[in-house]
Student: 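Dropping a structure here in structure tokens format, bear with me for questions.
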Amino acid sequence: MKLSQLTLYSGRLLFSSLHTGGRRCVASVRSQSRFAKDKMASAKSSILPISYLSQVEAQNVDIDLMNEFGYEMSQLMELAGLSCAVAVTQQYPRDNLTNKGKVLVCCGPGNNGGDGLVCARHLKLFGYSPCIYYPKRTDKPLYNGLVKQCTSFGVSFTTDLTQYSDYDLIIDAVFGFSFKPPTRELFIPVMDMLRETKVPVVSIDVPSGVDVDNGDAEGLQPDMLISLTAPKFCSKLLTKTHHYLGGRFLPQPLIDKYKLTLPEYPGTSLCVNYPLLDKLGRLPNYQVFLLQQYSLLTKEWEIPRGFHQLSN
Ligand SMILES: NC(=O)C1=CN([C@@H]2O[C@H](COP(=O)(O)OP(=O)(O)OC[C@H]3O[C@@H](n4cnc5c(N)ncnc54)[C@H](OP(=O)(O)O)[C@@H]3O)[C@@H](O)[C@H]2O)[C@H](O)CC1
Ligand SMILES: [K+]
């Protein structure tokens, strides 16, 4: 099945041209296609792409959350790490995985690593078998507590990166939005492993090792990215990556202050699956395909909540 053009307009999913091998599919979209043309002829599309944050903005949002809104870092980290664990269960349900959820969680020295420790604990609670690689531990009460919690929950730790192909998934919680290239020596083995492995890699907040503002076309291209609060500019290069937004803790005044356009979280969800755009601001093909499958399956032509309108 080949979809050659898709337009999202006024909250409805409109197919303007669909080529398919199945007659039933052709018939079922024809009336929608006519509807799409009528609508398009009479109206102008509105554009609501997701907002991106620079490195400095992301750091300022963090500071504002704590200084202006009374959050503690441990609260933010708990919500961030939990949303990552939930997103992983949605994208990679445990029972679909060959080793029933063996996950290597690679944690760095900063808060991104802290998110990884929280995520590992929740994955354990969700029935996965996480194992943590944590080469540079931070001796602060927050991190010592997170390590203790993981140990108490029976999460194991490893210093061995050679057996990575035994895992179903690898979580990249090495560096987040404060990373400054180049990568220092201690982290080169884990960065090499993340780039080379064929095991799906899930990056928390940003793909580790890439320039947060400019990205890196040669850098890590994870299979899944969970952006926290809002995606960072570097994620614009990740057009084949499953993308989720997590960290549901932004108060409206901060959304307004940073002029953020973000998808709505459905109901009580802690994360939302949301497409990243390609360089030209279009949906990448696989996301189009998912939307199309959703519509054909459910016969609903409304965009699932969380998918915003995109321009022509
Ligand atoms: N508001 C939110 O969205 C929240 C996000 N959270 C998560 O926090 C990270 C950002 O955390 P931060 O501690 O500021 O930064 P990092 O985790 O990216 O890493 C900083 C540490 O990494 C070291 N570093 C930096 N560059 C390099 C390098 N090239 N090689 C080796 N090590 C490097 C840095 O060392 P310094 O010596 O330079 O200080 C730090 O040790 C965000 O991305 C989210 O994942 C919060 O959990 C909740 C709120
Ligand atoms: K990361």
Side-chain angles (χ1 to χ4, degrees), residues 51-69 71-85 87-88 104-119 122 133-140 142-143 146 170-195 201-213 215-216 219-235 238 241 244-251 254-255 257-258 260 262 270-271:
S51 300
Y52 293 82
L53 288 173
S54 68
Q55 182 169 49
V56 169
E57 284 172 329
Q59 287 168 330
N60 287 341
V61 168
D62 223 27
I63 292 168
D64 287 352
L65 283 167
M66 287 183 282
N67 291 354
E68 311 287 328
F69 293 91
Y71 276 111
E72 299 276 345
M73 177 48 77
S74 58
Q75 282 182 283
L76 297 173
M77 201 175 271
E78 189 66 28
L79 287 168
L82 175 57
S83 70
C84 292
V88 168
L104 178 64
V105 185
C106 301
C107 296
N111 292 340
N112 196 257
D115 293 349
L117 295 171
V118 173
C119 177
H122 287 289
Y133 173 78
Y134 192 23
K136 188 178 177 197
R137 298 193 181 196
T138 305
D139 188 16
K140 288 185 184 163
L142 172 59
Y143 295 90
L146 293 174
I170 301 177
I171 309 271
D172 154 31
V174 184
F175 300 119
F177 58 55
S178 297
F179 175 77
K180 294 266 185 211
T183 302
R184 289 175 219 144
E185 206 176 332
L186 178 65
F187 296 95
I188 286 177
V190 66
M191 292 313 306
D192 286 347
M193 185 275 286
L194 288 170
R195 271 193 300 269
V201 171
V202 179
S203 288
I204 295 185
D205 206 23
V206 296
S208 293
V210 306
D211 183 295
V212 177
D213 288 334
D216 179 359
L220 177 61
Q221 297 263 342
D223 298 80
M224 174 177 174
L225 170 70
I226 306 149
S227 298
L228 297 169
T229 67
K232 317 303 172 287
F233 279 110
C234 58
S235 54
L238 304 178
T241 296
Y244 285 71
L245 187 69
R248 191 177 181 176
F249 43 61
L250 267 194
L254 268 193
I255 295 176
K257 177 176 173 182
Y258 290 88
L260 298 176
L262 298 170
L270 291 173
C271 60

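Remember, it's 1-based here, ligands and their atoms both numbered in the order they're listed. Along the sequence shown, the residues carry numbers beginning at 1.
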Student: Evaluating non-hydrogen atoms only, which member of Glu185, Met77, Lys180, Lys136 is closest to atom 26 (N) of ligand 1?
Tutor: Lys180
Student: Could you pull out, from Leu65, Leu76, Asp64, Asn112, the option with a heavy atom nearest to atom 48 (C) of ligand 1?
Tutor: Leu76
Student: With a 4.5 Å cut-off on side-chain heavy atoms, are Asp192 and Arg195 touching?
Tutor: yes
Student: Hey, what's the angle at the K ion (ligand 2) spanning OD1 (Asn112) and O (Val206), nearest 10 degrees?
Tutor: 140°
Student: Ignoring hydrogens, what is the shortest heavy-atom contact between Val105 and Gly116? Give both atom names and the distance.
Tutor: CG1-O, 3.5 Å
Student: Please check if a non-hydrogen protein atom sits closer than 4.0 Å to atom 34 (C) of ligand 1.
Tutor: no
Student: Does the protein put a heavy atom under 4.0 Å from atom 39 (O) of ligand 1?
Tutor: no
Student: Tell me yes or no: between the side chains of Tyr71 and Asp64, is some donor less than 3.5 Å from an acceptor?
Tutor: no
Student: Looking at ligand 1, does any of its N/O atoms fall within less than 3.5 Å of an N/O of Pro182?
Tutor: yes
Student: For atom 2 (C) of ligand 1, what's the nearest protein heavy atom and its distance?
Tutor: Asp62 OD1, 3.4 Å
Student: Can you give each donor-acceptor pair under 3.5 Å made by side-chain atoms of residues 177-188, sequence neighbours left out, with the distance rounded to 0.1 Å?
Tutor:
{"from": "Ser178", "atom 1": "OG", "to": "Gln59", "atom 2": "NE2", "distance (Å)": "2.9"}
{"from": "Lys180", "atom 1": "NZ", "to": "Gln55", "atom 2": "OE1", "distance (Å)": "3.1"}

Student: If I apply the N/O under 3.5 Å rule, does Phe177 come out as touching ligand 1?
Tutor: yes
Student: Listing request: all salt bridge (charged side-chain N to carboxylate O under 4.0 Å, His left out) pairs with a residue in residues 202-213, at least two apart in sequence or in separate chains.
Tutor: Asp205-Lys232
Student: Looking only at heavy atoms, is any part of Asn111 under 4.0 Å from ligand 1, and if so is it the side chain, the backbone, or both, or is it neither?
Tutor: both
Student: If you round to 10 degrees, what value do you get for the angle at the K ion (ligand 2) between Phe175 atom O and Asp172 atom O?
Tutor: 150°
Student: My understanding is that we take every heavy atom of each candidate and find the minimum distance to atom 21 (C) of ligand 1. Doing that for Cys107, Ala173, Pro109, which one comes out nearest?
Tutor: Pro109
Student: So which heavy atom in the protein is nearest atom 43 (O) of ligand 1, and how far is it from that ligand atom?
Tutor: Asp205 OD2, 2.6 Å
Student: Rounded to the nearest 10°, what angle sits at the K ion (ligand 2) between O of Ile204 and OG of Ser208?
Tutor: 170°
